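So the structure is just underneath, and the comments pick up after that.
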Amino acid sequence: MKYAEIALDVPPSIGASFTYTIPDVASRFVRLGHLVFVPFRTRVVIGIVVALSPCSAVANPRAILRLALKAPLLSPIQLQLAFWMSRYYRISLFRTLIQFLPPGYVFRKGKYVRSFGITDPTLTKHQSALLDSIPKTKWIPVVKLTGSNPEGASLLSDLSQLKAMGLVDTVDQIVDITVTPKFDDHLSLTQLGKEAFKKGLIDKFRTPRRFQLVQELALVGFPMPKSELKVRYRSDILKVLEAKGYLLTQKLRQNRVPAIQNDTCSMQVLPTKASSATWEKTEMVFSKHGNKFLPMLIKGGSPGENREIYLALIANCIATGKKALILLPDTLSVDQVFCDCATRFIGQVAVFHSGLSQGQQYDQWEEIQKNKYTVVVGSRSALFLPIKNLGLIVCDAEHDWLYEYDDVLPSYNAKKTAAKLAELNKALYVMSSVTPTVETYYETQGRIYPPPSMENESKLFGSNRAEIIDMRLEGADRISTIISARLRNALRECLQNGGQAALLLNRRGTAAMVYCRACGYIFRCVTCDYVLIRQSGFQLYCNNCRSRETYQDRCLSCSSQNIVDLGTGTEKLKQEVMSLFPEITVMKWDKDSAPGIKTQRTIAQEFQRQKIDVVVGTQMILKGLDVSSVSLIGVISADIGLQSTDFRSTEKTFQLLGNIPRQLKDIGTNISLIIQTYQPSHYAILGGLRKDYESFYNREISDRQKFQLPPFTKIVKVSRVATDSYLAREEIMALSRRLRENLGRSRDISSIVGPVPSHPHRFKGRYKWDLLLVGQNPNGFLHKYNLSSNWIVDVDPVSVF
DNA sequence: AGCACGCCGACT
DNA sequence: GTCGGCGTGCTC
């Protein structure tokens with residue numbers, strides 16, 4: 001193995017790596033997954049070893065300089081997953097790989113220097129002073145070095161002289177570890193203490209409590225954190241025993257273990273053994289599984305029942321000596337499932353999501369790498385944890401769009417990536433949902449449990465408890481423009497009986513748009529052209545770039561003051577509820593008012609403690625809320641998504657409605673559900689309410705086939721962004737022409753849509769155009785074209801318009 | 001991404 | 001004749 005393939009932080013190299021030779025002396029040390037320093041042009045940068053090979057692809061490769069970190073940080077399976085992701089999603093290999101590194105490892109660019117710890121008698125005074133200021137153990141930025149040489153020679157020339165003499169070393173990129181391990185006081189028994197305990201010299205310890213402490217430490221056999229012991233033993237006990245020489249305090253590594261969030265735990269008592277029906281389902285999954293490792297779908301029942309299935313699957317998996325990974329779409333769900341798993345498999349469960357502190361994330365990463373856990377519960381980022389020997393991956397609430405979407409680039413589909421990871425591990429991959437995406441349902445045909453024919457869907461919420469309010473019939477005597485008379489009455493009744501209510505709406509802010517009645521002008525964001533919503537009072541807000549603008553009370557186009565709000569957002573809804581019922585507590589729950597997991601937990605707890613009467617918000621409510629105390633759920637405008645042109649919008653509406661009963665079924669309390677809509681007979685709304693998945697699916701899948709949409713085809717979105725609107729348009733037109741020339745000749749794509757201006761067309765002052773490639777293998781088709789870094793390629797885009 | 005290279009215009 | 005502006009293209 002004389003050569004190494006190394007991924008570098010060079011943007012255009014999609015899935016590509018560079019070849020370097022491994023010096024003979026280093027060949028024993030360099031392994032797959034190592035971070036190494038390599039010469040690159042005139043610089044020294046960090047690379048990641050992705051392959052070792054006996055031959056070179058290029059003529060005269062340069063040599064690896066040395067290791068950047070002692071331990072290799074990526075396993076062969078992780079490298080394979082990264083190769084796949086990099087190729088499939090067209091992300092640079094390096095950018096893909098860094099997601100697998102421990103939390104808190106940051107790459108920094110710039111000149112850094114480190115000394116070799118030796119000196120030379122011929123140095124000038126200034127040179128040796130400079131050398132003394134450079135540490136041996138740590139890379140420090142050259143810009144941080146102070147002082148200049150008054151005799152003329154500058155700091156930089158002194159430095160290059162030191163480098164030439166082999167006294168210091170410089171690099172142009174480092175990996176900086178921003179997270180530090182936590183050390184805490186730990187108590188352990190001294191030799192004296194152990195002997196005294198062994199001899200049973202109880203009276204030596206004088207009091208029973210002191211003896212108990214010594215006994216506990218002797219039984220545990222390793223040092224225990226002082227903070228933990230202080231909870232159970234008075235501090236004078238610790239002090240006395242230490243003073244007598246029985247105990248010893250040492251600063252030892254303390255793991256920042258995330259606490260189980262008991263308040264969000266969905267079930268108080270967990271059965272120790274899964275119900276027989278659950279085992280039956282699990283057995284079915286395992287027996288059908290065979291050795292093909294194809295994704296499977298559990299079209300589940302209640303959340304409680306699903307959890308039982310997961311727990312059974314996990315138990316089955318860890319019995320074979322393998323590890324399990326449970327994926328959830330959001331942090332709140334992670335908390336809940338972590339609680340369930342951690343109480344069942346005590347001490348064996350790790351948790352991982354972005355809501356944890358960096359220190360907690362780091363400690364969990366490290367403990368997982370050291371094989372301390374057998375189960376990992378986490379959000380999409382948990383896919384990149386160093387879990388060895390995976391036997392099972394579960395993806396809960398498969399329909400959740402958060403698996404496909406993230407603000408942070410690079411964007412990838414977590415479900416698809418999880419399937420690949422399962423395949424690489426030869427692990428079982430199980431997805432679960434009551435309202436699976438039509439794509440998943442189609443792709444798992446034959447591997448759905450229970451099989452569709454066996455399905456005995458309860459139509460609990462079909463007709464008896466859900467009411468559909470046709471908003472077209474809402475009369476002229478409206479008190480509220482948003483809340484129908486029926487919902488208003490139901491709310492009043494609910495509140496009078498001391499009940500709690502949740503109102504759902506899919507849009508944040510107070511209005512969908514602010515509109516001038518005189519000239520038809522619509523307020524838009526200055527940088528994005530996105531329609532602005534009214535956040536509160538005179539504040540306008542851009543949901544796209546999150547900038548705020550002040551609303552001037554006058555039309556910007558015709559200066560008329562006849563300005564109205566069209567549509568509704570959560571803020572407006574909250575105000576309406578407050579004006580209708582001034583004496584109650586209303587809480588808003590959406591991405592604006594509860595951005596982090598902490599605020600979400602707080603709202604959930606407050607609601608549970610009945611400190612909030614009505615909660616108003618987006619679908620986030622359904623995920624986090626313990627709805628056992630809710631007696632009324634209102635969906636303000638169920639059809640809000642149906643107006644969208646995106647082909648997945650119907651499905652989204654169905655999923656929203658279809659998941660309301662899911663949350664409530666277990667509880668069985670007297671909950672009424674009121675759905676307001678302008679399209680009361682739409683199949684997505686009726687199907688969602690009736691929980692009639694099969695009918696919805698059949699209709700939707702035939703439409704997808706008719707229009708040749710996924711899952712029958714794949715879509716790749718190619719976008720061009722430029723500050724010059726003309727340039728962006730011209731370039732995408734030119735590309736479109738080039739691609740269309742080969743349209744008929746390739747089997748990879750069947751149609752090209754566009755170019756169309758993106759939605760939104762303008763973002764942070766830059767113009768964007770889209771082109772959609774539709775077909776069996778649009779990615780492969782695109783591979784033949786060399787697109788520069790000005791182009792953005794989105795494989796399997798979440799929304800197409 | 002960086003950085004060298006290269007081709008133009010403005011200056012000691 | 002040299003310095004420096006930025007547009008192009010390559011880096012194992």
Side-chain angles (χ1 to χ4, degrees), chain A residues 1-27 29-68 72 74 79 82-83 86-87 89-99 101 105-113 139 141-143 156-157 159-160 163 169-176 408-411 719-724 726-728 730-731 734-735 764 766 785-793:
Chain A
M1 295 298 172
K2 226 179 153 296
Y3 302 95
E5 285 298 312
I6 292 174
L8 302 176
D9 192 8
V10 191
S13 60
I14 291 161
S17 53
F18 293 83
T19 311
Y20 283 86
T21 61
I22 306 170
D24 288 340
V25 283
S27 61
F29 306 107
V30 176
R31 304 229 182 88
L32 282 183
H34 253 133
L35 266 59
V36 291
F37 283 113
V38 291
F40 193 62
R41 273 252 175 132
T42 55
R43 291 172 294 151
V44 174
V45 293
I46 286 184
I48 302 169
V49 180
V50 295
L52 299 169
S53 139
C55 51
S56 167
V58 291
N60 288 310
R62 296 167 82 175
I64 292 173
L65 296 172
R66 73 165 106 105
L67 299 182
L74 293 135
L79 287 171
F83 275 129
S86 171
R87 266 195 297 266
Y89 293 109
R90 302 175 145 263
I91 312 162
S92 106
L93 189 54
F94 188 88
R95 291 285 158 91
T96 312
L97 286 166
I98 57 176
Q99 299 187 95
L101 300 186
Y105 278 43
V106 186
F107 288 87
R108 296 193 201 283
K109 285 176 180 174
K111 272 254 179 274
Y112 290 84
V113 64
W139 293 105
V142 169
V143 287
L156 286 176
S157 75
L159 192 65
S160 61
K163 197 187 170 186
D169 201 7
T170 60
V171 293
D172 299 82
Q173 186 185 24
I174 57 156
V175 54
D176 190 11
V408 208
L409 291 168
S411 85
S719 311
R720 170 72 217 220
V721 180
T723 33
D724 182 348
Y726 180 78
L727 179 82
E730 284 306 300
E731 292 239 329
L735 180 74
K764 290 187 176 165
R766 279 148 64 88
Y785 298 85
N786 248 336
L787 297 178
S788 71
S789 56
N790 293 319
W791 296 88
I792 300 163
V793 180

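Scope of the values below: all heavy atoms of this structure, side chains included, with no hydrogens, waters or symmetry mates. To find a chain, count down the sequence lines: A is the first, B the second, and so on, and within it residues start at 1. Just so we're clear, the structure is a prediction, and the values are computed from it rather than from any experiment.
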Separation of atom CZ in A/Phe40 from atom C1' in B/dC3, rounded to whole Å:
10 Å
Describe the nucleic acid contact of A/Arg41 in one word from base, sugar-phosphate, nothing, applying a heavy-atom distance below 4.0 Å.
base
side-chain contact (heavy atoms from CB on, under 4.5 Å) against A/Leu65, all qualifying residues, sequence neighbours excluded
A/Phe37, A/Pro39, A/Val44
Whole angstroms only, please: what is the CZ-P distance between A/Phe94 and C/dC12?
16 Å
Nearest 0.5 Å, what's the OG-CD1 distance between A/Ser92 and A/Ile98?
7.5 Å
Separation of atom CD in A/Gln173 from atom C1' in C/dT11, rounded to whole Å
14 Å
Looking at every non-hydrogen atom in both residues, tell me the closest pair between A/Arg108 and A/Asp176 and how far apart they are.
NE-OD2, 2.8 Å
Calculate the interatomic distance between A/Asp9 atom CG and B/dC3 atom P; express it in whole Å.
13 Å
Which residues pass the side-chain hydrogen bond (donor to acceptor under 3.5 Å, both in side chains) test with A/Thr21, sequence neighbours left out?
none
How many whole angstroms separate atom CZ of A/Arg108 from atom C1' of B/dG2?
19 Å
Describe the nucleic acid contact of A/Tyr20 in one word from base, sugar-phosphate, nothing, applying a heavy-atom distance below 4.0 Å.
sugar-phosphate
Would you mind reading off the distance between A/Ile46 atom CD1 and C/dC12 atom P, rounded to a whole angstrom?
17 Å
Touch check for A/Thr42, heavy atoms < 4.0 angstrom, all strands: base, sugar-phosphate only, or nothing?
sugar-phosphate
A/Glu5 CD to C/dC12 C1': how many Å, rounded?
8 Å
Considering only heavy side-chain atoms of A/Val10, the closest of C/dC12, B/dC3, B/dA1 is B/dA1
Nearest to the side chain of A/Lys109, heavy atoms from C-beta on, is which of B/dG2, B/dA4, C/dC12?
B/dG2
Calculate the interatomic distance between A/Leu52 atom CG and C/dC12 atom P; express it in whole Å.
19 Å
